[in-house]
Colleague: 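Got a structure for you, questions after.
Worth knowing before you read on, the calculation uses all heavy atoms, side chains too, and leaves out hydrogens, waters and symmetry mates.
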Amino acid sequence: MRETTKGERILLTGATGYVGGRLLPRLEQRGLPVRCLARRTEFLSERVGPGTEVVGGDVLRAETLPDALEGVHTAYYLIHSMSGDDFEERDRTGAENFAQAAREAGVRRIVYLGGLGEESEELSAHLRSRHEVGRILAASGVPTVEFRASIVIGSGSLSFEMLSALVERLPVMVTPRWVRVRAQPIEINDLLAYLEAALDLETDESRIYEIGGAERVSYGELMQEYARQRQLRRWMLPVPVLTPRLSSLWLGLVTPLYARVGRSLIDSICHETVVRDDRALRDFAVRPVGVAAAIASSLANEDREFAETRWSDAISSGGTDPALFESYGGQRVGRRLADSRQCEVEVPAEVAFAPVRRIGGENGWYAYDWLWRLRGFIDLLSGGVGVRRGRRDPATLGVGDTLDWWRVERYEPDRLLRLRAEMRLPGRAWLEFEVQPTERGSTIRQTAEFDPSGLLGLLYWYGIYPLHAAVFRGMLKGLARAARESAEPERVRQRVVEAR
């Protein structure tokens, strides 16, 4: 293995996407000078480390690439379209533009992430395009290391989003034939380890590496393992009549995927994606984990508030309109559901946070207190904690404190309060308040987050969401009003002082 030096600049494309967003901090931790290419630099400017450069550019606009590739030793090409009738043509054009610019800039290596699939078979358009992009990059004359991967298992990945939604929402699943096709899923951290290790690979020629996890399983077996770890009982009824088109429409109804994205995914799943050449295990020290460990890691990562990055973070994943990811009942984030709202108040952050700090107990919840008391009474009747606990102190909080039927999970003075529900629910719930200073005052963001337990949990969330929406909306307005009212005495005092 060759030792990468700190003077070698790395170009990362796709840093707003799922894989690129997770690779970026790993490259930064190595102390390497990283440059990110992005169509909209504002999406990245707040995410990168102090030594990372963000430049504007688009592989579909060849004139934007020379400056981005200047002085680059290794370029990561992590760009791929999944929607639109002309995605193959866009992939081809982007790869050709990038390959030519990389050759002219003297780039020493390209690292590309493609997809597994036997080339002797009639591949889906999605996999066919991935293979074509790899050939175009290698034909540039720049040594290209192409990794071909199967299903990626990780919180927020496209495949894991679909797997999670299907198992969580459907106690009985009518499964088409593609559920029985074998794949070799790879855990996201193992995939990132391969991409990172490509920096140190000693080669001056293009290579293709097939990478996968430790086991070959069907998508049905993946669902069964997920259900086992989530302690859910699920039944699968195989039928031969569900075509890829019908399956994609069905996925669009019961999962966070859009039908056009689901179609691309299913077309690829219909092909066996297993490793037939084990050269990656011989050339790299990476030893991928099995399916059970990959799913366990993904579930644990979901529990660290929200996943680090998500496939939906990429601009192209859902079209150009981010509102497409919104739906009745809040926003879907992995297997969780969230209602997030914010408002601006023209007061300092510490003043805006004061009502948040005093929430609950005798002070109430700033809106619909009678509904909160009713919910507490119902919880008490069902064997829960109810509202009898109140709060330890009317004005101060600390991690671990009880607050009615909540417990303080995180607390940062004048900035953040995160509560975990201890009421009886068909799932787990959190309520978070965050205050950020702005030029005109502060922003108060309020987020209710719910991790439903199977179908009952989903019915609970969507069934009472209209009531929840009214309560959450009223609570945020009440917090903003209380912040403004608490600031008014100070403003009066200042005016009196100025008059003197």
Colleague: Between CG of Asp190 and CD1 of Ile153, what distance do you get to the nearest 0.5 Å?
Modeller: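 With rounding to 0.5 Å, CG (Asp190) is 11.5 Å from CD1 (Ile153).
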Colleague: With side chain to side chain contact (heavy atoms under 4.5 Å, CB included) as the test, would you mind laying out the steps for Val19 and Leu195 before giving the verdict?
Modeller: CA-CA 10 Å; Val19 175; Leu195 291 172; 3.6 Å; yes
Colleague: Nearest 0.5 Å please: distance from the CZ atom of Arg90 over to the CG atom of Leu60.
Modeller: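 So the gap between those two atoms works out to 7.5 Å.
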Colleague: Is it true that Glu196 and Arg30 make a salt bridge, defined as a side-chain N closer than 4.0 Å to a carboxylate O?
Modeller: yes
Colleague: Does a side-chain heavy-atom distance below 4.5 Å link Thr52 with Cys36?
Modeller: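 Touching, per the 4.5 Å side-chain cut-off.
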Colleague: Working to the nearest 0.5 angstrom, can you tell me the gap between Gln229 CD and Leu299 CG?
Modeller: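 Here the rounded value is 6.0 Å.
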Colleague: In Å, rounded to the nearest 0.5 Å, how long is the span from CZ of Arg228 to CD of Glu221?
Modeller: 13.0 Å
Colleague: Carefully, step by step, assess Phe353 and Ile444 under the rule side chain to side chain contact (heavy atoms under 4.5 Å, CB included).
Modeller: CA-CA 8 Å; Phe353 192 79; Ile444 304 174; over 6 Å; no
Colleague: Taking the basic N atoms (NZ, or NE/NH1/NH2) and the acidic carboxylate oxygens, is any pair closer than 4.0 Å for Glu422 and Arg428?
Modeller: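 No, this pair does not count.
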Colleague: For the pair Thr64 (side chain) and Asp58 (backbone), establish whether a donor and an acceptor sit closer than 3.5 Å, ignoring hydrogens and angles.
Modeller: yes
Colleague: Quick one, Glu412 and Arg418 - any side-chain contact, counting heavy atoms below 4.5 Å?
Modeller: no
Colleague: Less than 4.5 Å apart, side chain to side chain, heavy atoms only: is that true for Asn363 and Arg357?
Modeller: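 Side chain of Asn363 against side chain of Arg357, heavy atoms only: no contact under 4.5 Å found.
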Colleague: Check Arg445 with Glu434, please: is the shortest side-chain N to carboxylate O separation under 4.0 Å?
Modeller: no
Colleague: Could you state the interatomic distance from OG (Ser453) to CG (Leu232), rounded to the nearest 0.5 Å?
Modeller: 5.5 Å
Colleague: Would you call Arg26 and Glu28 a salt bridge, using N to O less than 4.0 angstrom?
Modeller: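 Judged by the 4.0 Å cut-off on N to carboxylate O distance, Arg26 and Glu28 do not form a salt bridge.
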Colleague: Any donor-acceptor pair under 3.5 Å linking the side chain of Ser442 with the backbone of Ala349?
Modeller: yes
Colleague: Does either side chain, that of Tyr366 or that of Asp369, offer a donor lying less than 3.5 Å from an acceptor on the other one?
Modeller: no
Colleague: Does the pair Arg391/Asp393 count as a salt bridge with the N-to-O cut at 4.0 Å?
Modeller: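 So Arg391 does not pair with Asp393 through a salt bridge.
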Colleague: State whether Arg484 and Glu346 are salt-bridged, where the test is any N-O pair (Lys NZ or Arg NE/NH1/NH2 against Asp/Glu carboxylate O) under 4.0 Å.
Modeller: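 No, Arg484 and Glu346 are not salt-bridged.
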Colleague: Would you say the rings of Tyr460 and Phe450 are close, in the sense that their centroids are separated by under 6.0 Å?
Modeller: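 Yes, close enough.
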Colleague: Between Trp405 and Trp365, what is the ring plane arrangement, given parallel below 30°, perpendicular above 60°, and tilted in between?
Modeller: parallel
Colleague: Ser297 and Glu187: side-chain donor and acceptor closer than 3.5 Å?
Modeller: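 Yes, because at least one side-chain N or O of Ser297 sits under 3.5 Å from a partner of the opposite role on Glu187.
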Colleague: Report yes if some heavy atom in the side chain of Met223 is under 4.5 Å from a heavy atom in the side chain of Val179; otherwise report no.
Modeller: yes
Colleague: Donor-acceptor pair, Arg410 side chain versus Leu417 backbone, under 3.5 Å?
Modeller: no
Colleague: Kindly determine whether Tyr18 and Ile188 satisfy side chain to side chain contact (heavy atoms under 4.5 Å, CB included), including the steps that lead there.
Modeller: CA-CA 10 Å; Tyr18 178 70; Ile188 179 61; 3.7 Å; yes
Colleague: Could you please spell out the steps behind the ring pair (Phe, Tyr, Trp, His ring centres under 6.0 Å) verdict for Tyr112 and Phe147?
Modeller: CA-CA 6 Å; Tyr112 168 63; Phe147 291 105; 9.8 Å; no
Colleague: Taking atom types as modelled, is there a side-chain donor on Asp91 or Ser129 under 3.5 Å from an acceptor on the other?
Modeller: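 Distance-only check passes for Asp91 and Ser129.
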Colleague: If we ignore angles and hydrogens, is there a donor and acceptor under 3.5 Å between the side chains of Asp401 and Tyr411?
Modeller: no
Colleague: Hey, does the side chain of Ser150 reach the backbone of Thr273 with a donor-acceptor pair shorter than 3.5 angstrom?
Modeller: yes
Colleague: Just to verify, which of Val133, Leu113, Leu37, Leu12 counts as forming a side chain to side chain contact (heavy atoms under 4.5 Å, CB included) with Tyr77?
Modeller: Val133
Colleague: Report the C-alpha distance between Tyr368 and Trp372 in whole Å, list the side-chain angles of each, state the deciding distance to 0.1 Å, and finish with yes or no for ring pair (Phe, Tyr, Trp, His ring centres under 6.0 Å).
Modeller: CA-CA 7 Å; Tyr368 298 99; Trp372 287 100; 9.6 Å; no
Colleague: Would you call Arg473-Asp339 a salt bridge at under 4.0 Å N-O?
Modeller: no
Colleague: Side-chain donor-acceptor pair under 3.5 Å between Ser164 and Tyr226, yes or no?
Modeller: yes
Colleague: If I take atom CD from residue Gln446 and atom NZ from residue Lys477, how far apart are they, to the nearest 0.5 angstrom?
Modeller: 12.0 Å
Colleague: Would you call the rings of Phe87 and His80 parallel, tilted or perpendicular, where under 30° means parallel and over 60° means perpendicular?
Modeller: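 Rings of Phe87 and His80: perpendicular, as their planes differ by over 60°.
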Colleague: Do Leu337 and Asp451 have side chains that approach each other closer than 4.5 Å (heavy atoms only, starting at C-beta)?
Modeller: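 Contact flag for Leu337/Asp451 side chains = no.
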Colleague: Without swapping roles, check the side chain of Asn97 against the backbone of Val59 for a donor-acceptor pair under 3.5 Å.
Modeller: yes
Colleague: Run the numbers on Leu416 and Glu432 for side chain to side chain contact (heavy atoms under 4.5 Å, CB included), then give the verdict.
Modeller: CA-CA 7 Å; Leu416 183 124; Glu432 183 174 284; 4.0 Å; yes
Colleague: Would you kindly say whether Glu344 and Thr443 are connected by a side-chain donor-acceptor distance under 3.5 Å?
Modeller: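 Yes, side-chain donor-acceptor contact under 3.5 Å.
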Colleague: Look only at the side chain of Arg35 and the backbone of Leu11, and say whether a donor-acceptor pair between them is shorter than 3.5 Å.
Modeller: no
